[in-house]
Undergrad: 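Okay, here's the structure, questions in a sec.
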Protein chains: 2
Amino acid sequence: MEEPKLQLIIDEYLPLRDVVFNTLRQGILKGELKPGERLMEIHLANRLGVSRTPIREAIRMLELEGLVTMIPRKGAEVARISKLDLRDVLEVRRSLDSLAVSLACERITEEEKQMLSKTEEDFEKAVTTRDATTIAEADVKFHDVILKASKNGRLVQMVNNLAERVYRYRLEYIKDSRNHQRLIEEHRKIMEYIGAGDAENARNAIETHIDNQEKNIISQLEL
Amino acid sequence: MEEPKLQLIIDEYLPLRDVVFNTLRQGILKGELKPGERLMEIHLANRLGVSRTPIREAIRMLELEGLVTMIPRKGAEVARISKLDLRDVLEVRRSLDSLAVSLACERITEEEKQMLSKTEEDFEKAVTTRDATTIAEADVKFHDVILKASKNGRLVQMVNNLAERVYRYRLEYIKDSRNHQRLIEEHRKIMEYIGAGDAENARNAIETHIDNQEKNIISQLEL
DNA sequence: ATAAAGCACATTGTATACAATAATATTATC
DNA sequence: GATAATATTATTGTATACAATGTGCTTTAT
């Protein structure tokens, strides 16, 4: 009987519920806790060395976050993702990323432009390593700069939450080296349009970017 | 010392945490619990006749929902909403409502078209009552039909969550009878464009609709 | 041998008890 | 009288205890 090794993510003086929340969240995103897997309170409490109270509160949060599904009188399980869910998520994400880019065109500062340029270079370097996790992280950073440049905190939070849900699938997408060159080109275009303050073209570029992701992820699911 | 009368919203066999969640949520949305007001666990537990456990779990959910803010080692308070927050929320909502309308144009069924027409008539009737709550409810129903017609569950959930945050302010907007005729006209236009499957114009119409709300709400805050 | 009844167990839901901490009031000392 | 030290209290954070309920297994009766 092999147990996925949940590593407690300890941050001194963060309430245990948040520690547990982060731990379970990571476990789900990394795939250590698989969709459909039951999350039993006592079991988790023992494994993480805490009582049921913080576990329960963390589960409440994960539930609202959409990463966990409650089954009445049965308990929690890791949310299953259907093809329809994924379509819904990507549809919304496309729209919000598009908004973010267009806001960024208006609101980006000079410093942020330089930052964007730097993260884009980092991304190109990351691609040469051929390590999926490294590339994924560089990609996240690039998009993060754009998001933050939108100066809309709510938007940042919502897009991150959506991105979270497709993280596992995007990782597969990024592993496929056939996509690398296109990713770089798309990033460059997006960056240039933002730099020029050309919202119209920047929107189109990011929408294409997301569409390509979507096609790829959906074709994965069809296997 | 006058206490706002939180009415427990009892739904047989719903866990207490959800009952408490709904109760507090309504209290906040209706303004019985005011922004900045502290939510103390024992206090609430006594008033609602339950223990601290369900109260705490409800607070965790309200926190993720954004209706409550946690202050470290101090507890929860009803979320304060700043002008900037409001701008952020409306900016995102505008974009998502626009998406919903355009999806609805593609995916709406005949039944839903009739439903939309009916809720629009209901809205016009509600306006004649001059009762803000009645009008607000009819307005919510109208928008709900459009949202559901988008056939995107995630989108429905996200827009509802955003709408929640501006509920109180929109109520003020709706109270002002000078806006009524324009609201009706906007609704009619939106409905017609959706009926005709004209996504382009439908988007513009709903964006104008939200923009008008935004202007009005922001001018309220400036008083 | 099979089906039904009942019992034991596992698990969630709720309440309470205990610990830690921060804010406030009180007292003692200068 | 003012200030610092201390005690008290209010409140959150965490653990445990108790209640209710559903599930699966065992036992018994037909």
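In what follows, chains are A, B, ... by sequence order, proteins preceding strands, each numbered from 1.
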Undergrad: Give me the ring orientation class for H143(A) and H187(A): parallel if the planes are under 30° apart, tilted from 30 to 60°, perpendicular past 60°.
TA: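 If you compare the ring of H143(A) with that of H187(A), the planes turn out perpendicular.
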Undergrad: Output the rounded distance in Å from CG (L16(A)) to P (dC18(C)).
TA: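 Answer to the nearest Å: 20 Å.
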Undergrad: Considering heavy-atom distances to DNA chain D, does R38(B) or R56(B) have its closest nucleotide positioned more toward the 5' end?
TA: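 Between the two, 5'-proximity favours R38(B).
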Undergrad: Kindly say if R52(B) contacts the phosphate of dT12(D), meaning a side-chain N or O under 4.0 Å from OP1 or OP2.
TA: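 So the side-chain polar atoms of R52(B) never come under 4.0 Å of the phosphate oxygens OP1 or OP2 of dT12(D).
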Undergrad: Do E121(A) and K118(A) sit within salt-bridge range, that is, some charged N less than 4.0 Å from a carboxylate O?
TA: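 Looking at K118(A) together with E121(A), the answer is no, because their closest N to O distance does not fall below 4.0 Å.
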Undergrad: Can you tell me how far P of dT21(D) sits from CE of M40(A), to the nearest Å?
TA: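 Distance check: M40(A) CE to dT21(D) P gives 21 Å.
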Undergrad: With a 4.0 Å cut-off on heavy atoms, is L39(A) in touch with a base, just the backbone sugar-phosphate, or nothing at all?
TA: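 Sugar-phosphate: the residue L39(A), judged by heavy atoms under 4.0 Å, touches backbone atoms but no base.
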Undergrad: Atom CD1 of I42(B) to atom P of dT12(D): distance rounded to whole Å?
TA: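 Between P of dT12(D) and CD1 of I42(B): 7 Å.
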Undergrad: Look at R170(B) together with D139(B) and state whether they make a salt bridge at an N to O cut-off of under 4.0 Å.
TA: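 Yes, R170(B) and D139(B) are salt-bridged.
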Undergrad: What is the distance from CG of L48(B) to C1' of dA15(C), rounded to the nearest Å?
TA: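 Those two atoms, CG and C1', are 15 Å apart.
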Undergrad: Given atom NE2 of H43(B) and atom P of dT11(D), what is their separation to the nearest angstrom?
TA: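 To the nearest whole Å, that distance equals 9 Å.
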Undergrad: Is D211(B) salt-bridged to K215(B), cutoff N-O under 4.0 Å?
TA: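 Answer for the salt bridge query: no.
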Undergrad: Give the rounded distance in Å between these two atoms: CD1 of I59(B) and P of dT12(D).
TA: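 Distance, rounded to whole Å: 8 Å.
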Undergrad: Return the nearest nucleotide to the side chain of M70(B); candidates are dA15(D), dG13(D), dG13(C).
TA: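 Looking only at side-chain atoms, M70(B) lies closest to dG13(D).
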Undergrad: Can you tell me the distance, in whole Å, between the CZ atom of R17(B) and the P atom of dG13(C)?
TA: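 These atoms are roughly 5 Å apart.
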Undergrad: Could you state the atom-to-atom distance from CD1 of I71(A) to C1' of dT23(D) in whole Å?
TA: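 In whole Å, dT23(D) C1' and I71(A) CD1 are 15 Å from each other.
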Undergrad: Measuring to OP1 and OP2 of dT14(D), would you say a side-chain N or O of T53(A) lies under 4.0 angstrom away?
TA: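 Result: no.
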